[in-house]
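What you see below is based on every heavy atom in this structure, not just the backbone, and it leaves out hydrogens, waters and symmetry mates. Numbers restart at 1 for each chain; the letters A, B, ... are given by sequence-line order, proteins then strands.
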2 protein chains.
Amino acid sequence: MTAPSKAFRSRIQQDDIYSIPIDDFFKSAFSVDCVIFGYHEKQLKVLLIERGTEPYGGYWALPGDLVYPSEDLDAAASRVLRDLTSLSDITTRQIHTFGKVDRHPLGRVITVAYAAIVEIQDIRPQASSWASDTKWHSIKRLPKLAFDHKEIVRSAYDAIKEYARYEPIWNEVLPKKFTLTQLQEFYETVLNKAFDKGNFRKKINTMKFVKALNESQKNVNHRPSALYSFDAKAFKDYRESDTLIEF
Amino acid sequence: MTAPSKAFRSRIQQDDIYSIPIDDFFKSAFSVDCVIFGYHEKQLKVLLIERGTEPYGGYWALPGDLVYPSEDLDAAASRVLRDLTSLSDITTRQIHTFGKVDRHPLGRVITVAYAAIVEIQDIRPQASSWASDTKWHSIKRLPKLAFDHKEIVRSAYDAIKEYARYEPIWNEVLPKKFTLTQLQEFYETVLNKAFDKGNFRKKINTMKFVKALNESQKNVNHRPSALYSFDAKAFKDYRESDTLIEF
DNA sequence: AAGACTTATTGTATTTGTTACAATTAGTGT
DNA sequence: ACACTAATTGTAACAAATACAATAAGTCTT
């Protein structure tokens, strides 16, 4: 990517009523920040890195960094996450863009927030590049965060609660074969809300894409639960139908 | 706003594994694009401008432009809309950010899309700055648009349908005193879906913030309808309760 | 092997919401 | 007074949500 073309420059210089020099438009940058929620045994956490560089050196922050000039935004989210935490293969969704003028102390940087939810035991984040540490923090008690990252986490949490209502986001989190109790605990934790056991499974039974297997738990000291799995094909059919089930 | 500080530059130069010169990060810019939906008599339209400048000169496009270096994103959406269409006092919501590397032919520009819905008769857009014309286009038959604006319109339309389900966005569109038929027509148009008359009003009756007035229509050649209005206080109470009504 | 224990699973009665459609009402226009 | 138009109310069938209770299927203890 080269400097802005002449046509671009001249348009702005010609027409901008405030006569801001063209170069000032190109002194801004954009970043991505990843809000990785981690679920494990009824606990919801968020993955933070310790910043090993200024500004906010030593602070906990979301994994995030500037986007390369010739890098798509979505790709940047994956790359930045990998650079700082060594995590790959995590699919994130765009949540919101934060652009307050003074949100970055060293220049104009707007940031696009991305979010995902994973099972904590499935991944092993490792600090790299300028991250000096990584750690899962309970969503309920966050430390002081760098930049406006607290606001970003809050916004991402609201968004993921919304997604959870109509997307099977548990599919990325629960084991391939899971019990309805595990599924219920997941919903209860993410939505921070209790459900009646009997009614919960009645609702799940209306979802054809949660398929009962002919298997049950082993080695539990109580009645073993039937196992279920996500049926991708049935889910596709469901999505193409017009009946939407929500929580 | 000045050039990026030394600390900022040095961090990147030091740590970036690909050794991209710092200046390249600052050759990008960001813009906002406004998707203004207009409603009038069961018609849903979108406000486009004719571009009087390159690139895409002569094309229809969303009102949008670069964000000033010291301007908040949300403020930029208002300002850009005013600059190009002379419209003020339109509150927009952020929808999504589009950042494909090649989406702008003359440089790296990511754009943050904002949307709103208004009553077409309430406003009078007038082309100014580099916009050579403005026009309401039916949402159903859009011309070829500049950049990736077709995709942005589609995304904003999806978003506004979602908002319509749980936010009283009709409050910005319908007259202060309106009939339930008008309200139903609004929902039917926006959601592109028909409702049963009797059932629709039963649902509305459960919404305490749609308040029946002791007034009715005048000068209609049929039974006059009762008039209703939005009750802001009741809506506030409703929002603070936990029962959400949706369409 | 019987009974205790724990969680899974099914059932049921009540209430609440959805749907489709019919009947009635209150105006204007002839 | 009667036709016309759209507003408004009613109703019966059906579906979904809710609160609980009852039963089932394992392991564990004695």
Side-chain angles (χ1 to χ4, degrees), chain A residues 41-42 161 164-166 170 174-189 191-230 238 241-247, chain B residues 41-42 164-166 170 174-189 191-229 238 241-247:
Chain A
E41 289 178 352
K42 304 203 243 177
K161 278 193 284 190
R165 294 182 55 216
Y166 55 92
W170 41 265
L174 298 182
K176 282 281 162 273
K177 300 173 177 183
F178 54 85
T179 70
L180 292 188
T181 298
Q182 286 176 313
L183 184 58
Q184 181 171 353
E185 286 171 348
F186 176 83
Y187 274 109
E188 292 187 333
T189 304
L191 300 179
N192 193 31
K193 179 176 186 315
F195 293 96
D196 176 273
K197 230 166 174 197
N199 299 336
F200 180 84
R201 63 181 56 221
K202 246 175 279 177
K203 183 149 204 165
I204 297 298
N205 275 330
T206 67
M207 302 180 177
K208 297 297 169 51
F209 53 89
V210 180
K211 191 176 55 183
L213 305 172
N214 284 324
E215 280 181 77
S216 51
Q217 283 183 310
K218 302 289 176 212
N219 306 320
V220 285
N221 65 337
H222 56 260
R223 174 174 177 177
S225 174
L227 292 173
Y228 292 77
S229 72
F230 177 75
Y238 160 75
S241 78
D242 60 347
T243 35
L244 264 177
I245 303 166
E246 294 185 1
F247 276 94
Chain B
E41 288 179 353
K42 304 202 243 179
R165 293 182 55 216
Y166 55 91
W170 41 264
L174 298 182
K176 281 281 159 277
K177 301 172 177 184
F178 54 86
T179 69
L180 292 189
T181 298
Q182 286 176 314
L183 184 57
Q184 180 172 353
E185 285 171 349
F186 176 82
Y187 273 109
E188 291 187 334
T189 304
L191 299 180
N192 194 31
K193 179 176 185 317
F195 294 96
D196 177 273
K197 231 169 166 171
N199 299 336
F200 181 84
R201 63 183 54 224
K202 247 176 278 176
K203 184 149 205 166
I204 297 297
N205 275 328
T206 66
M207 302 181 178
K208 298 298 170 52
F209 54 90
V210 181
K211 191 175 56 184
L213 305 172
N214 285 322
E215 281 180 77
S216 51
Q217 283 182 312
K218 303 287 177 212
N219 306 322
V220 286
N221 67 337
H222 57 260
R223 173 173 177 177
S225 173
L227 292 174
Y228 292 76
S229 72
Y238 160 75
S241 77
D242 60 348
T243 35
L244 264 178
I245 303 166
E246 294 184 2
F247 277 93

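In this entry the distance linking NZ of A:Lys218 with C1' of C:dT7 reads 16 Å, nearest Å. Here D:dT18 presents its C1' atom at 11 Å from NZ of A:Lys193, a figure rounded to the nearest Å. When rounded to the nearest whole Å, the span between CD of B:Gln217 and P of D:dT5 equals 16 Å. Summarising the geometry, the separation between NZ on B:Lys202 and C1' on C:dT16 is reported as 13 Å, rounded to the nearest angstrom. Nucleotide C:dT7 holds its C1' atom 12 Å from the CD atom of A:Gln184, rounded to whole Å. Between B:Ile245 atom CD1 and C:dG17 atom P there is a gap of 9 Å when expressed in whole angstrom units. If you measure from atom CD1 of A:Ile204 to atom P of D:dA16, you get 15 Å, rounded to the nearest angstrom. The distance from atom CZ of A:Phe195 to atom C1' of D:dA19 is 15 Å, rounded to the nearest whole Å.
Dashed line: the shortest gap from a side-chain N or O of B:Lys203 to OP1 or OP2 of C:dT18 is under 4.0 Å. Regarding contacts with the backbone of C:dT7, every side-chain N or O of A:Ser225 stays at 4.0 angstrom or more from both OP1 and OP2. At C:dT9, one or more side-chain N or O atoms of A:Arg201 fall inside 4.0 Å of OP1 or OP2 (strictly under the cut-off).
A cation-pi arrangement is absent between B:Lys177 and B:Tyr228, since the terminal nitrogen or guanidinium carbon is not both under 6.0 Å from the aromatic centre and inside a 45° cone about the axis.
Distances were taken from every side-chain heavy atom of B:His222 (C-beta onward) to each of D:dA6, D:dC28, C:dG29; the shortest belongs to D:dA6. The A:Asp196 side chain lies nearest to D:dC20 when the options are C:dG27, C:dA20, D:dC20.
Annotation: of the two residues near DNA chain C, A:Arg223 and B:Ser216, the 5′-most nearest-nucleotide partner is A:Arg223. Mapping B:Tyr228 and B:Asn221 onto DNA chain D by nearest heavy atom places B:Asn221 closer to the 5' end of the strand.
Taking the six-membered ring where tryptophan is involved, the planes of B:Phe209 and B:Tyr238 are tilted, since the angle between them lies from 30° to 60°. Ring geometry for A:Phe200 versus A:Phe195: interplanar angle of 30 to 60°, hence tilted.
B:Thr206 comes within 4.0 angstrom of no nucleic acid atom, judged by non-hydrogen atoms across all strands.
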Problem set entry | Full working for side-chain contact (heavy atoms from CB on, under 4.5 Å) between A:Gln217 and A:His222 | CA-CA 10 Å; A:Gln217 283 183 310; A:His222 56 260; 4.1 Å; yes
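Going from atom OG1 of B:Thr189 over to atom CD of B:Gln184 covers 10.0 Å, rounded to the nearest 0.5 Å.
Between the side chain of A:Asn199 and the base of D:dA19, at least one donor-acceptor pair of N or O atoms lies under 3.5 Å.
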